[in-house]
A.B. asks: 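Quick one: structure below, then a few questions.
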There are 2 protein chains.
Amino acid sequence: MAIFSKTCEYAMRAVFYVAQRSHEGSRVGIKEIAEHINSPEPFLAKILQKLSREGLIQSVKGPNGGFYFDAASLNRPLANIVTAVDGDNIFTGCGLGLTYCSESNPCPLHEDFKKVRNQITHMLNHTTIGKFNMGLIKGKFTLNK
Amino acid sequence: MAIFSKTCEYAMRAVFYVAQRSHEGSRVGIKEIAEHINSPEPFLAKILQKLSREGLIQSVKGPNGGFYFDAASLNRPLANIVTAVDGDNIFTGCGLGLTYCSESNPCPLHEDFKKVRNQITHMLNHTTIGKFNMGLIKGKFTLNK
DNA sequence: ATAATAAAAGATAAAAATATCTTTTATTAT
DNA sequence: ATAATAAAAGATATTTTTATCTTTTATTAT
């Protein structure tokens, strides 16, 4: 069991890949994205459709079409993507799955778990979609396998 | 999507409840546990059976039987429970789900994600199964809903 | 206008996680 | 020994997540 769902992992990897290609001035088709991030193509299509509907990623149909990010979108935090595909439970939920748990009425793990959530929140809010463009272009990172 | 699976949430809540009752000198049946932590009884049974097989929780069959923790088990870290039910992906896995990702060949999120994992690892290793017994007995915490 | 391209949408399928039910085995008290 | 109790084990069912397939719609180039 991983921290993020498969859906979310694919979404994050796809977003990083599309961001890099957008930075280079290209649009990129589903097939190419799926190949480069090693995800099932039709499943990824569904994920990107959702992001597209929410305006988090841009797309155009037809020849030379594909997905891309405009300048504003490249500066959005990864947190937006995670929320869109997985909801906000990871930012706010109780570690023991208790609904009563809150700052004023904490569960046993609350204080420790809060630190974990804060770390996740910080990470996802401070990672912009375009943050790794240079590293990806330079081949410092890869997103497949 | 929560950090831990439902299975794992139930396991942790159950363990805390049984620990408290063990501290009081009682064994406790599946039905009572399930009621107090608000989990489906037969599903919880499977989870506890697994923990029992691995020697992480003690049990006796028959009248006056039930689950309990011996002194040694009360001092085990919660991490053992999590590993038993969910594996060790949460302690070691990559945030983007990449298998190549490692300290020497990191993915883009590696450094930030490492902090998250370390926080989780620390929390689960420093929380013993019996840690909240007093808080639970005094009614400072509850484990249902 | 037409053909080609690629995303969007809708319907369906497979796998995994979650949940339930039934039978068996071990233990205790009588 | 017998009856009662409670966990263990095995088989089955449901739900959610993950994955696929087909049809439609929009865009571009000719």
Side-chain angles (χ1 to χ4, degrees), chain A residues 1-15 17-18 21-22 26-35 37-69 82 84-87 89-90 97, chain B residues 1-15 17-18 21-22 26-35 37-69 82 84-87 89-90 97:
Chain A
M1 212 229 29
I3 294 251
F4 299 108
S5 65
K6 229 85 199 47
T7 310
C8 192
E9 288 176 354
Y10 293 149
M12 293 189 289
R13 304 207 314 250
V15 152
Y17 180 73
V18 175
R21 305 287 272 103
S22 296
S26 316
R27 289 168 187 155
V28 49
I30 258 282
K31 189 170 181 179
E32 181 185 335
I33 305 171
E35 273 165 10
I37 70 163
N38 192 43
S39 74
E41 185 187 322
F43 186 54
L44 180 63
K46 288 297 168 197
I47 298 169
L48 294 187
Q49 274 167 35
K50 182 165 199 191
L51 295 179
S52 175
R53 259 181 262 119
E54 304 201 13
L56 291 169
I57 196 170
Q58 284 70 54
S59 73
V60 303
K61 297 181 181 180
N64 307 318
F67 294 92
Y68 67 100
F69 288 108
V82 173
V85 300
D86 269 0
N89 198 298
I90 202 165
Chain B
M1 214 228 28
I3 294 252
F4 299 109
S5 66
K6 230 88 203 39
T7 311
C8 192
E9 288 176 355
Y10 293 150
M12 293 189 288
R13 294 187 348 228
V15 152
Y17 180 73
V18 174
R21 306 286 273 101
S22 296
S26 315
R27 289 169 187 153
V28 50
I30 259 283
K31 188 171 181 177
E32 182 185 335
I33 305 171
E35 275 165 8
I37 71 162
N38 192 42
S39 75
E41 187 187 323
F43 186 53
L44 181 62
K46 288 296 167 199
I47 297 169
L48 294 186
Q49 276 166 33
K50 181 164 201 192
L51 296 180
S52 175
R53 260 181 260 120
E54 303 201 13
L56 291 168
I57 196 170
Q58 284 69 55
S59 73
V60 302
K61 295 179 180 181
N64 306 320
F67 294 92
Y68 67 101
F69 288 108
V82 173
V85 301
D86 269 0
N89 197 296
I90 201 164

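By convention in this document, chain letters (A, B, ...) are assigned in the order of the sequence lines, proteins followed by strands, and residues within each chain are numbered from 1. It should be emphasised that the depicted structure is a prediction, and the values quoted were computed from it without experimental measurement.
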A.B. asks: Which nucleotide, if any, forms a Watson-Crick or G-U wobble pair with dA7(D), using both distances under 3.5 Å?
C.D. replies: dT24(C)
A.B. asks: Is the phosphate of dT18(D) approached by Thr7(A) (side-chain N or O, under 4.0 Å from OP1 or OP2)?
C.D. replies: yes
A.B. asks: Would you say Tyr10(B) places a side-chain N or O within less than 4.0 Å of OP1 or OP2 belonging to dA19(C)?
C.D. replies: yes
A.B. asks: Which nucleotide sits closest to the side chain of Pro40(A): dT28(C), dA19(D), dA8(D)?
C.D. replies: dA19(D)
A.B. asks: Report yes if at least one side-chain N or O of Ser5(A) is closer than 4.0 Å to OP1 or OP2 of dT17(D); otherwise report no.
C.D. replies: no
A.B. asks: Starting at atom CD of Glu54(B), determine the distance to atom P of dA9(D), rounded to an integer number of angstrom.
C.D. replies: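 To the nearest whole Å, that distance equals 12 Å.
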A.B. asks: Rounded to whole Å, please give me the gap between CZ in Phe4(B) and C1' in dA17(C).
C.D. replies: 17 Å
A.B. asks: Rounding to an integer number of Å, can you tell me how far Glu41(A) CD sits from dT20(D) P?
C.D. replies: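 Atom-to-atom, Glu41(A) to dT20(D), this comes out as 10 Å.
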A.B. asks: Going from CE on Met12(A) to CD1 on Ile47(A), what distance comes out if it is rounded to the nearest 0.5 angstrom?
C.D. replies: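 Spacing of CE (Met12(A)) from CD1 (Ile47(A)) equals 10.5 Å.
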A.B. asks: In whole Å, I'd like the distance from the CG atom of Leu48(B) to the P atom of dA19(C).
C.D. replies: 14 Å
A.B. asks: Within less than 4.0 Å of OP1 or OP2 of dA9(C), is there a side-chain N or O belonging to Arg53(A)?
C.D. replies: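 For Arg53(A), the contact criterion (side-chain N or O under 4.0 Å from OP1 or OP2 of dA9(C)) is met.
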A.B. asks: Applying the side chain to side chain contact (heavy atoms under 4.5 Å, CB included) test to Ile30(B), which of Glu41(B), Glu35(B), Gln49(B) qualifies?
C.D. replies: Glu41(B)
A.B. asks: Give the rounded distance in Å between these two atoms: NZ of Lys46(B) and P of dT12(D).
C.D. replies: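 Result: 13 Å.
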A.B. asks: dT30(D) pairs with which nucleotide, Watson-Crick or G-U wobble, both distances below 3.5 Å?
C.D. replies: dA1(C)
A.B. asks: So, do Phe4(B) and Ile90(B) sit near enough that their side-chain heavy atoms are less than 4.5 Å apart?
C.D. replies: yes
A.B. asks: Which residue lies toward the 5' end of DNA chain D, Gly65(B) or Val60(A), if each is placed at its nearest nucleotide?
C.D. replies: Gly65(B)
A.B. asks: To the nearest Å, how far apart are Arg13(B) CZ and dT18(C) C1'?
C.D. replies: 14 Å
A.B. asks: When you get a sec, tell me which of dT18(D), dA7(C), dT20(C) is the closest nucleotide to the side chain of Phe43(A)?
C.D. replies: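 The listed nucleotide nearest to Phe43(A)'s side chain is dT18(D).
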A.B. asks: Roughly, in whole Å, what's the span from CD1 in Ile47(A) to P in dT17(D)?
C.D. replies: 13 Å
A.B. asks: Please state whether the phosphate of dA8(D), meaning OP1 or OP2, lies under 4.0 angstrom from any side-chain nitrogen or oxygen of Ser59(B).
C.D. replies: yes
A.B. asks: Taking the side chain as every heavy atom from C-beta outward, state whether Val15(B) and Phe69(B) have any pair of such atoms under 4.5 Å apart.
C.D. replies: yes
A.B. asks: Given dA7(D), is OP1 or OP2 found less than 4.0 Å from the side-chain N or O atoms of Ser52(B)?
C.D. replies: no
A.B. asks: What distance do Ile33(B) atom CD1 and Arg13(B) atom CZ have between them, rounded to the nearest 0.5 Å?
C.D. replies: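 So the CD1 of Ile33(B) and the CZ of Arg13(B) are separated by 13.0 Å.
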A.B. asks: My understanding is that a pair needs two contacts under 3.5 Å, Watson-Crick or G-U wobble. By that rule, which nucleotide pairs with dT15(D)?
C.D. replies: dA16(C)
A.B. asks: From C-beta outward on Lys61(B), which listed nucleotide comes closest to its side chain: dA7(C), dA26(C), dT18(D)?
C.D. replies: dA26(C)
A.B. asks: Would you kindly give the CD1-to-C1' distance between Ile30(B) and dA19(C), to the nearest whole Å?
C.D. replies: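 Value for this atom pair: 13 Å.
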A.B. asks: Out of dT18(D), dT28(C), dA19(C), which nucleotide sits closest to the side chain of Asn64(B)?
C.D. replies: dT28(C)
A.B. asks: Out of curiosity, Leu48(B) CG to Phe67(B) CZ, how far, rounded to the nearest 0.5 Å?
C.D. replies: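 The distance works out to 4.5 Å.
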A.B. asks: Which is true for Val28(A) with a 4.0 Å heavy-atom rule: it touches a base, it touches only sugar-phosphate, or it touches nothing?
C.D. replies: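 Here Val28(A) touches the backbone only, sparing every base.
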